[in-house]
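These notes are about the structure you will find just below.
Note on naming: letters A, B, ... go to the chains in the order of the sequence lines (proteins, then strands), and numbering restarts at 1 for each one.
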There are 2 protein chains.
Amino acid sequence: MDAKAQRKDGAEYSSAMLLEIAADMFRERGIAHTTMRNIAERAGMKASSIYYHFASKDAIIDRILDRSIAEAIERIRRALAELPQEAGFRVRLCAAVTAYLTTVNDYGTFFAVTRQLRSQVSPEIAERNRQRRIELDQIWANLFAEGHRAGDITISEKNTIERLFLLGALNWATEWMDTSRKSPAELGQLATSLFMDGIAPR
Amino acid sequence: MDAKAQRKDGAEYSSAMLLEIAADMFRERGIAHTTMRNIAERAGMKASSIYYHFASKDAIIDRILDRSIAEAIERIRRALAELPQEAGFRVRLCAAVTAYLTTVNDYGTFFAVTRQLRSQVSPEIAERNRQRRIELDQIWANLFAEGHRAGDITISEKNTIERLFLLGALNWATEWMDTSRKSPAELGQLATSLFMDGIAPR
DNA sequence: GTCTATACTAAGATAGAC
DNA sequence: GTCTATCTTAGTATAGAC
C-alpha cells in the first residue's frame, strides 16, 4: 500500500469520524450551538482542517440529515422484512416502532424536524431530502393502511392525525430516552401496547 | 395624564409587544435563528432600542420561557377547576390535554425543552424555571394518580413512561398543528380517546 | 423611548505553508 | 491532511444624542 492510498484511507476515516462527531454534538446540544471549532476540537484537529473534507457546515448538516432519514427508512424496512409473512398488525407495528426508536436514539430527532431547519442549501439537496421524508411517511401510511384493511385497527383509512400523535410521541422520546434504563425494544413494546390498547380498563 | 405617565404606558406597551413578537419568532424559527435585529425589525424599531426594555436576549428568553410554563400550569389548573366535582378521569384528562394543546399552540414547545436550552442565566432564574417545570409535571402526575386510585386507568401508580409518551405526542403537535383545520378542543378529544382506548378494536 | 454610531465577539470560511 | 494566520460577516451589546 503506497503513501497515496494511505492518505486516501486517512481522508475517508477522518470524514467518517467527523460525521459521527458532528451527529453526536448536534443531538447533544443542537445544530446552532455546535460550531465548527467545537467539532474540530473533539476530533482533535483545527476547524480549518474540516474544510478539507466538507465544503461547509451546511454540507455536514445535509449529509447527516440525509443519512439519518435514510437510516430510519432502512431500519424500519429491514425490521418489517424480517418478520414472518403471517405476522399481524400488532407485531408489525411493534417492529417498526422499535426500529424507529432506535434511530431516534442514535441520531436524535432533528432528522424529523423541518421548521427549525433552514440551512440554505442547493435546491437538489432540499428536494432529495423532501423525497426521503415522503418515503418515510409513506412507510407508516402503508403500514396503517394494511392494518385497516385487515381489520386490526379501528381508525379511518386516512389516519393522519393518529399517525402524527404516534410519531410525535416517538420523536419526543429523544428528550428523555435513557437506554440504560429501558432498551428501545422495551420502549417499543410499551409504546405499541399503549397505542393499540390505551390505558382505560377493557 | 401627563407626559411622564404616557411615557410609562408606552414603555409597558413596547415591552409587552416585544415579548409577543419574540415569542412568535422563537416559535416560528427557533431561538437561535431569531436575532435581536429580527425582533426589532418586526417591532418597527432598532435593535439597540430593545435594550431599553430588556437587559439581554437571554433576559427575553427567560421571561418568555417562564411565562409559557406558568401559562400552561395556569390553563390546566383552571380547566380542571371548572369541571364539576363528579367529573371522571376521562373528562378531566381531556380538559387538561386540551388546555395543554392550547398553550403549545400559542407558545410553541420550546417551553418544554431543556436540552437545547442553555442560555447562560443567573442561578436564581434557572432554579425558578426548574421549580416551574416540576410543578407542571406534578399536575400531570397527580391527575394520573387520581385516575389510578379511582380505577379509571390500568397503568401502574408510577406511570412515568406512559406520561412521557402522552406529553411527547402533545409537545410534538407544535410541528404540525393547524388550528384552521382542527381546533385544540377537537385535537384534545382525539388525543384523549386515542390515549384511553387505543386503535385496536375492542 | 428610540435613534445613530460603533465596540466587541464569535462564527464560518479561505490562503498558503508544511 | 492538517496547520497557522487571517478575512468577512453577523450577532450581541453599549454610548451618547435627541
Respond yes when some side-chain nitrogen or oxygen of B:His53 is under 4.0 Å from OP1 or OP2 of C:dT2, and no when none is. yes
Nucleotide N/O of nucleotides 11-13 of chain D paired with protein N/O under 3.5 Å:
unit_1	atom_1	unit_2	atom_2	d
D:dG11	N7	B:Arg37	NH2	2.5
D:dT12	OP1	B:Met36	N	3.4
D:dT12	OP1	B:Lys57	NZ	3.3
D:dT12	OP2	B:Met36	N	2.8
D:dT12	O4	B:Arg37	NH2	3.3
D:dA13	OP2	B:Tyr51	OH	3.1
D:dA13	OP2	B:Lys57	N	2.8

Sorted by chain and residue number, the ring pair (Phe, Tyr, Trp, His ring centres under 6.0 Å) partners of B:Phe89 (sequence neighbours excluded) come out as B:Phe144
Hey, is the side chain of B:Tyr52 poking within less than 4.0 Å of OP1 or OP2 on C:dT2, counting only N and O atoms? no
Can you tell me how far P of D:dC3 sits from CD of A:Glu41, to the nearest Å? 12 Å
side-chain hydrogen bond (donor to acceptor under 3.5 Å, both in side chains) against A:His148, all qualifying residues, sequence neighbours excluded: none
Taking only side-chain nitrogens and oxygens of B:Ser49, does any of them come within less than 4.0 Å of OP1 or OP2 of C:dC3? yes
Summary of salt bridge (charged side-chain N to carboxylate O under 4.0 Å, His left out) pairs that have at least one residue in residues 32-51 of chain A, sequence neighbours excluded: A:Glu28-A:Arg42
Qualifying residues under side-chain hydrogen bond (donor to acceptor under 3.5 Å, both in side chains), relative to B:Asn38, sequence neighbours excluded: B:Arg29, B:Thr35
Output yes when B:Asp106 and B:Arg27 qualify as a salt bridge under the 4.0 Å nitrogen-oxygen rule, no when they do not. no
Separation of atom NZ in B:Lys46 from atom C1' in D:dA10, rounded to whole Å: 16 Å
Under the rule for salt bridge (charged side-chain N to carboxylate O under 4.0 Å, His left out), what residues qualify as partners of A:Asp152, not counting sequence neighbours? none
Please tabulate, for the side chains in residues 179-186 of chain A, all donor-acceptor contacts under 3.5 angstrom to protein atoms that are two or more places apart in sequence or on a different chain.
unit_1	atom_1	unit_2	atom_2	d
A:Ser180	OG	A:Asp178	OD1	2.6
A:Ser180	OG	A:Asp178	OD2	3.4
A:Ser183	OG	A:Ala185	N	3.4
A:Ser183	OG	A:Glu186	N	3.1
A:Ser183	OG	A:Glu186	OE1	3.4
A:Glu186	OE1	A:Ser183	N	2.9

In this structure, how many angstroms lie between the C1' atom of D:dA10 and the NE2 atom of B:His33, rounded? 13 Å
Nucleotide N/O to protein N/O under 3.5 Å, stretch nucleotides 16-18 of chain D:
none

Which pairs of donor and acceptor atoms, one on a side chain in residues 16-23 of chain A, lie under 3.5 Å apart (sequence neighbours left out)?
unit_1	atom_1	unit_2	atom_2	d
A:Glu20	OE2	A:Arg67	NH1	3.2

